[in-house]
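Below is one structure, written out as structure tokens, with a few remarks after it.
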Protein chains: 2
Amino acid sequence: MDTKELGSTESAILNSAKEIFERKGMAAARMQEIADEAGINKAMLHYYYRSKQLLFEAVFKSAFSMLAPQINGIINAETSLFEKIINFSNNYVLFVLKHPYLPNFIIQELNRNPDFVKQIVAEKNFPNISKFKQQVDEEVKKGVIRPIKAEQLFINIMSLNIFPFIGSQLLKGLVNVNDEAYKQLMEERKTEIADFIINSIKLK
Amino acid sequence: MDTKELGSTESAILNSAKEIFERKGMAAARMQEIADEAGINKAMLHYYYRSKQLLFEAVFKSAFSMLAPQINGIINAETSLFEKIINFSNNYVLFVLKHPYLPNFIIQELNRNPDFVKQIVAEKNFPNISKFKQQVDEEVKKGVIRPIKAEQLFINIMSLNIFPFIGSQLLKGLVNVNDEAYKQLMEERKTEIADFIINSIKLK
DNA sequence: GTTTAGTTTAACCAAATGGTTGACAAACTT
DNA sequence: AAGTTTGTCAACCATTTGGTTAAACTAAAC
């Protein structure tokens, strides 16, 4: 596949590995397939990354470091609570269009390997909702929004944004629409989600 | 493992296969492990189910037939819209406590194999939201709830209920709570979700 | 021009894995 | 009771798979 210089072989491997791992998951991914995708010999994978496990971890960390700023940047921005909700919903849809398999990959592998969470959480760039929490508590106290735990609100925001993509196959079936119509629904959600949330919490 | 008579070996296999497949997914599951779990010889798996693929399909269909009534029964009940929302949120949490890996398994394998959806949708007991849709449209027209597409409301309900379990590892990390505290949050959601939704759509 | 260090490949290997076979036993059938 | 079907198992098989190795190639250093 394409590379973008920088130890071209090494980054070609990482790119191909990302593609295969994200689409198939650790267990179903094949080293040979990654090598083929990168257009290089299988031995190169081990030359640069030692083992499947280590290659996987490199991919996972790289993937997580794409998602984290997405969450962090918006949740901890210097904007009002409502703006955060609007921005997140809007941006997340755009993000997923660029990386369709990424969120599912992360969630899946995190479930398969719960200990992994601890490693990741320990890292410096791991998102932190403390600022968001403080903001929510304030708005509740000021009577701008109805009483709600910041944790629950955060889970709601994440759920409404992430699940429609992860559960897309199931939802397509249940809602009984084709790919095109579902894509249209997702498009609408860029504003629908924020409306839905703000309507729920805002005290007029 | 335990069996519950009825061709004891065959059902022992299915039970063990469910357990392993749901926890590890198709790709990572091992036939030997399923046999061990069932306390029988590996050849028996093939005697009763021919191949890994067929055993997997049996498990998947069985799993889906547990989830479907959960959705169907409530969404198409003879109750008011608000009652449906309340009942679903309440029941779903109880369901997941009994079958922790099931929803994730279904969504995961459906993603991995999108063609599978068509097969499943064709079956008679596949949930259908037409009644729910009609109900939502009516309530909008009557001015009981604000204007919202039934499909979007449905997706919101599903997202708010299902995602917190599927993404539990990620959310635990982001919200920064331990297993115990997270379980507590899930407990609260039995009522929190319905409140959140109804607050959003209800016109006073 | 030779050495040297890093890079790449074809061929190979051992373990794991899904699946098969043939013997054997238990349960029906007649 | 003899024969037939059904269920069960240990051993086996072919293929796949992650991983290794030794030799060949490349390009910079001397």
Side-chain angles (χ1 to χ4, degrees), chain A residues 1-63 105 108-109 112-113 115-116, chain B residues 1-63 105 108-109 112-113 115-116:
Chain A
M1 273 276 86
D2 71 313
T3 69
K4 315 249 172 71
E5 43 331 285
L6 184 92
S8 77
T9 302
E10 188 166 353
S11 74
I13 292 175
L14 197 63
N15 285 340
S16 305
K18 258 187 209 167
E19 171 132 2
I20 304 292
F21 276 131
E22 288 182 15
R23 212 168 51 211
K24 306 201 159 185
M26 165 71 168
R30 298 288 158 244
M31 295 296 267
Q32 186 61 60
E33 193 178 358
I34 293 170
D36 291 347
E37 173 88 14
I40 48 120
N41 190 286
K42 182 163 66 86
M44 286 291 92
L45 303 184
H46 295 96
Y47 180 75
Y48 284 105
Y49 291 94
R50 290 267 308 278
S51 69
K52 187 184 183 184
Q53 179 63 27
L54 288 174
L55 177 54
F56 167 77
E57 284 173 23
V59 167
F60 186 89
K61 279 176 187 169
S62 165
F105 169 69
Q108 203 48 37
E109 299 300 338
R112 212 66 91 200
N113 195 348
D115 305 322
F116 223 51
Chain B
M1 274 272 87
D2 71 314
T3 69
K4 311 251 172 70
E5 46 329 285
L6 186 91
S8 77
T9 302
E10 189 168 351
S11 73
I13 291 174
L14 197 64
N15 285 340
S16 304
K18 257 187 211 169
E19 172 132 2
I20 305 293
F21 275 131
E22 287 180 17
R23 212 170 49 213
K24 306 201 160 186
M26 165 71 168
R30 297 288 158 244
M31 294 297 267
Q32 187 61 59
E33 193 177 359
I34 294 170
D36 291 348
E37 173 88 14
I40 48 126
N41 190 283
K42 182 163 67 88
M44 287 289 92
L45 303 184
H46 295 95
Y47 181 75
Y48 284 105
Y49 291 94
R50 292 266 310 274
S51 69
K52 187 185 184 185
Q53 179 63 28
L54 288 174
L55 176 55
F56 166 77
E57 286 175 21
V59 167
F60 186 89
K61 281 176 186 169
S62 165
F105 169 68
Q108 202 47 37
E109 298 300 338
R112 213 66 92 198
N113 194 349
D115 305 321
F116 224 50

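Bear in mind that the values here come from a model prediction, so they are computed numbers and not experimental data. Chain A is the first sequence line, chain B the second, and so forth, proteins listed ahead of strands; every chain is numbered from 1.
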Would you compute the distance between atom [atom1] of [X] and atom [atom2] of [Y] and round it to the nearest 0.5 angstrom?
X     : Y     : atom1 : atom2 : result
A/D36 : A/M31 : CG    : CE    : 12.0 Å
B/N15 : B/E37 : CG    : CD    : 9.5 Å
A/T9  : A/L45 : OG1   : CG    : 10.5 Å
A/E10 : A/M44 : CD    : CE    : 11.0 Å

Specify the residues of residues 47-56 of chain B, ordered by number, for which at least one heavy atom lies under 4.0 angstrom from an atom of DNA chain C.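 Residues of residues 47-56 of chain B that come under 4.0 Å of DNA chain C are, in numerical order, B/S51, B/K52.
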
Reading DNA chain C from 5' to 3', where do the contacts with chain A start and stop? Cut-off is 4.0 Å to heavy atoms.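 Endpoints of the contacted stretch of DNA chain C: C/dG6 to C/dA10.
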
Below 3.5 Å, can you tabulate the donor-acceptor pairs from side chains in residues 55-62 of chain B to any protein atom, sequence neighbours excluded?
from, atom 1, to, atom 2, distance (Å)
B/E57, OE2, B/Q53, NE2, 2.7
B/S62, OG, B/K18, NZ, 3.1

Could you tell me whether B/A29 contacts a base, only the sugar-phosphate backbone, or nothing, with contacts defined as non-hydrogen atoms closer than 4.0 Å? sugar-phosphate

Under 4.0 Å, counting only non-hydrogen atoms across every strand here, what does A/M44 touch: a base, just sugar-phosphate, or nothing? base

Please list, in 5' to 3' order, the outermost nucleotides of DNA chain D lying under 4.0 Å from any heavy atom of chain A.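 So the contact region on DNA chain D extends D/dT17 to D/dT21.
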
By nearest nucleotide on DNA chain D, pick out whichever of A/A43 and A/Q32 is the more 5' one.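 The residue mapped nearer the 5' terminus is A/Q32.
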
Which pairs of donor and acceptor atoms, one on a side chain in residues 20-27 of chain A, lie under 3.5 Å apart (sequence neighbours left out)?
from, atom 1, to, atom 2, distance (Å)
A/R23, NH1, A/E19, OE2, 3.1
A/K24, NZ, A/E33, OE1, 3.2
A/K24, NZ, A/E33, OE2, 3.2

Rounded to 10°, the helix from C/dG1-D/dC30 to C/dT30-D/dA1 deviates from straight, judged by its five-pair end axes, by 10°

Could you give all pairs that pass the ring-ring contact (aromatic ring centres under 6.0 Å, His included) test and reach residues 24-50 of chain B, with sequence neighbours left out? none

